[in-house]
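This report concerns only the one structure given below.
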Amino acid sequence: MQLIPTGEAGKPRNQFPPVYVGDTRIHEEAIAREMQHHPAEALAQAWHEAARSLVIRELLLQQACRLNLNDIDDEEERLAQLLELELQVPAPSEQDCQRFYAANPDRFCSPTLMALSHILLAAAPDDIEERIRQEEAGRRLLSSLLAGQSRFSDLAKQYSACESRHQGGSLGQISKGQTVEEFERPVLSLNEGLHPELIESRYGWHIVRVDQRIDGERLPYEHAKPNIRRYLSESVTRRAFRQYLQVLAAETGVDGVDLALPGSPLMQ
């Protein structure tokens with residue numbers, strides 16, 4: 001819940017500049033109410049996002065009025081009609097889609113699958129001494145495995161803090177997004193076999209063996225094209241909307257808030 005500092009009669013303290021769209025003021029009370037929809041760690045950030053949202057809405061409503069769309073009672077429908085009239089967004093061409101497909105091969109592959117086994121030497125992230133001890137223990141165990149002096153499954157059963165120790169350390173089959181990022185990032189680049197280095201995660205240190213690796217295959221262009229077309233269309237629409245708002249702001253005048261827009265759509 002966003003806490004808003006208040007002054008007399010429960011009104012927000014006057015610690016931010018007044019906000020205007022043309023001659024219309026966006027009042028502090030409206031911004032304070034809007035802040036509940038823009039949670040943020042800092043009060044100033046929540047205020048700015050709320051004020052910006054109301055400024056954008058006011059810009060669009062004023063433009064709808066100039067275009068005589070006020071006979072549409074529902075504001076959401078009025079704004080939708082405005083954008084349909086005003087935003088000229090070309091559909092992505094076949095050449096656009098093909099270029100995007102060629103330039104982003106990794107985005108259109110089936111996931112790489114890995115059958116993994118590991119030995120977890122657990123230590124809390126903030127327990128520095130224990131992490132050092134477990135790293136040293138892990139290096140000893142790894143040296144024994146690399147020298148062929150021990151069996152992976154035996155060491156997993158004896159030393160691993162993971163429940164997979166009951167299956168000789170086997171984690172089964174995993175793919176991207178199924179484990180913590182700091183473990184997944186190095187593991188998904190490994191080849192089959194015992195990895196000769198320890199891998200660190202928030203849980204401690206891991207000795208990792210890749211039992212099987214099945215690399216993802218690139219999807220055919222025809223399978224990827226609907227997603228590419230949708231992505232490019234949304235991207236062009238966002239860019240056109242930002243430019244449209246910048247023109248409206250320049251023509252109408254906006255004071256008291258930075259109208260720099262994020263990459264996501266504004267109308268939420």
Side-chain angles (χ1 to χ4, degrees), residues 1-6 13 15-16 35-50 106-107 109 111-216 258 260 262-264 268:
M1 178 179 179
Q2 178 68 49
L3 299 178
I4 304 171
T6 57
R13 293 176 185 159
Q15 58 176 300
F16 300 110
M35 284 173 67
Q36 66 182 309
H37 304 299
H38 303 271
E41 293 182 2
L43 174 66
Q45 180 184 355
W47 180 91
H48 185 271
E49 291 179 0
D106 293 341
R107 297 184 62 159
C109 286
T112 295
L113 301 177
M114 310 277 283
L116 293 180
S117 296
H118 83 144
I119 298 169
L120 170 61
L121 301 160
D126 57 352
D127 191 339
I128 303 302
E129 291 184 359
E130 181 62 15
R131 291 186 83 85
I132 292 173
R133 282 195 293 270
Q134 293 289 36
E135 181 182 14
E136 293 173 348
R139 293 193 184 283
R140 289 194 297 270
L141 295 179
L142 184 56
S143 294
S144 177
L145 288 169
L146 290 170
Q149 298 171 346
S150 303
R151 294 177 56 193
F152 194 98
S153 58
D154 292 339
L155 295 185
K157 291 176 184 177
Q158 185 174 356
Y159 295 103
S160 182
C162 178
E163 286 300 307
S164 63
R165 66 182 181 274
H166 301 301
Q167 290 79 44
S170 175
L171 290 171
Q173 194 174 77
I174 70 166
S175 60
K176 185 175 177 59
Q178 293 185 313
T179 65
V180 294
E181 196 270 341
E182 69 270 17
F183 179 77
E184 174 183 281
R185 187 177 60 254
V187 162
L188 288 180
S189 67
L190 300 180
N191 295 318
E192 291 184 2
L194 178 64
H195 184 48
E197 300 289 341
L198 297 176
I199 292 176
E200 186 177 12
S201 78
R202 69 195 70 177
Y203 302 112
W205 297 90
H206 306 259
I207 299 172
V208 175
R209 186 184 68 198
V210 178
D211 300 316
Q212 186 181 24
R213 177 187 179 96
I214 304 174
D215 289 317
D258 178 12
S264 58
Q268 299 181 17

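Positions are given from 1, in the same order as the sequence printed here.
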*Roughly how far, to the nearest 0.5 Å, is CG of Leu155 from CG of Leu141?*
5.5 Å
*Kindly assign one of parallel, tilted or perpendicular to the pair His118 and His206, based on the angle between their ring planes and the thresholds 30° and 60°.*
parallel
*Taking 4.0 angstrom as the limit, do Arg209 and Glu192 come out as a salt bridge?*
no
*Is a side-chain N or O of Ser189 found less than 3.5 angstrom from the main chain of Pro186, in a donor-acceptor match?*
yes
*Interatomic distance, Ile132 atom CD1 to Glu136 atom CD [nearest 0.5 angstrom]*: 7.0 Å
*Value rounded to 0.5 Å, distance of CD in Glu200 from CD in Gln134*: 12.0 Å
*Shortest non-hydrogen contact from Leu113 toward Ser175*: CD2-CB, 3.7 Å
*Report yes or no: does Glu182 contribute a side-chain atom to a donor-acceptor pair with the main-chain N or O of Arg202 at less than 3.5 Å?*
yes
*Between Thr179 and Val187, is a side-chain contact (heavy atoms from CB on, under 4.5 Å) present by the stated rule, with each step listed?*
CA-CA 10 Å; Thr179 65; Val187 162; over 6 Å; no
*Could you walk me through whether Arg131 and Trp205 pass side-chain contact (heavy atoms from CB on, under 4.5 Å), step by step?*
CA-CA 8 Å; Arg131 291 186 83 85; Trp205 297 90; 4.2 Å; yes
*asked:* Between Glu49 (side chain only) and Met35 (backbone N and O only), is there a donor and an acceptor less than 3.5 Å apart?
replied: no
_Is it true that, when you exclude Gln149 itself, more than 12 heavy atoms of the residues, nucleotides or ligands shown sit nearer than 6.0 Å to its CD?_
yes
_Spacing of Leu146 atom CG and Leu194 atom CG [to the nearest 0.5 Å]_ = 5.0 Å
_With rounding to the nearest 0.5 angstrom, report the CG to SG distance, Leu121 to Cys162._
11.5 Å
*Counting only N and O atoms by type, is there a donor-acceptor contact under 3.5 Å from the side chain of Arg165 to the main-chain atoms of Ser170?*
no
*Locate the shortest heavy-atom distance separating Leu120 from Tyr203; write the atom from each residue and the value.*
CD1-O, 3.9 Å
*pair Asn191-Val210: side-chain heavy atoms closer than 4.5 Å*: no
*asked:* Give me the atom names and distance for the closest heavy-atom approach of Thr112 to Gly216.
replied: OG1-N, 3.2 Å
*Could you give me the CA-CA distance, side-chain angles and deciding distance for Arg139 and Glu197, then say whether side-chain contact (heavy atoms from CB on, under 4.5 Å) is met?*
CA-CA 8 Å; Arg139 293 193 184 283; Glu197 300 289 341; 4.1 Å; yes
_Ignoring hydrogens, what is the shortest heavy-atom contact between Phe183 and Leu116? Give both atom names and the distance._
CE2-CD1, 4.2 Å
_4.5 Å side-chain heavy-atom contact, Leu190 and Ile199_ = yes
*Hey, are the side chains of Gln212 and Met114 touching, using non-hydrogen atoms and a 4.5 Å cut-off?*
no
*Any chance you could measure Ser144, atom OG, to Phe152, atom CZ, to the nearest 0.5 Å?*
12.0 Å
*How far apart are the closest heavy atoms of Ser201 and Val180, and which atoms are they?*
CB-CG2, 4.4 Å
*Heavy-atom pair with the smallest gap, counting every atom of Gln178 and Gln173*: OE1-O, 3.9 Å
*Residues Arg133 and Glu135 bridged, charged N to O under 4.0 Å*: no
*Can a donor-acceptor pair be found between the side chains of Glu41 and Gln45 at a distance below 3.5 Å?*
no
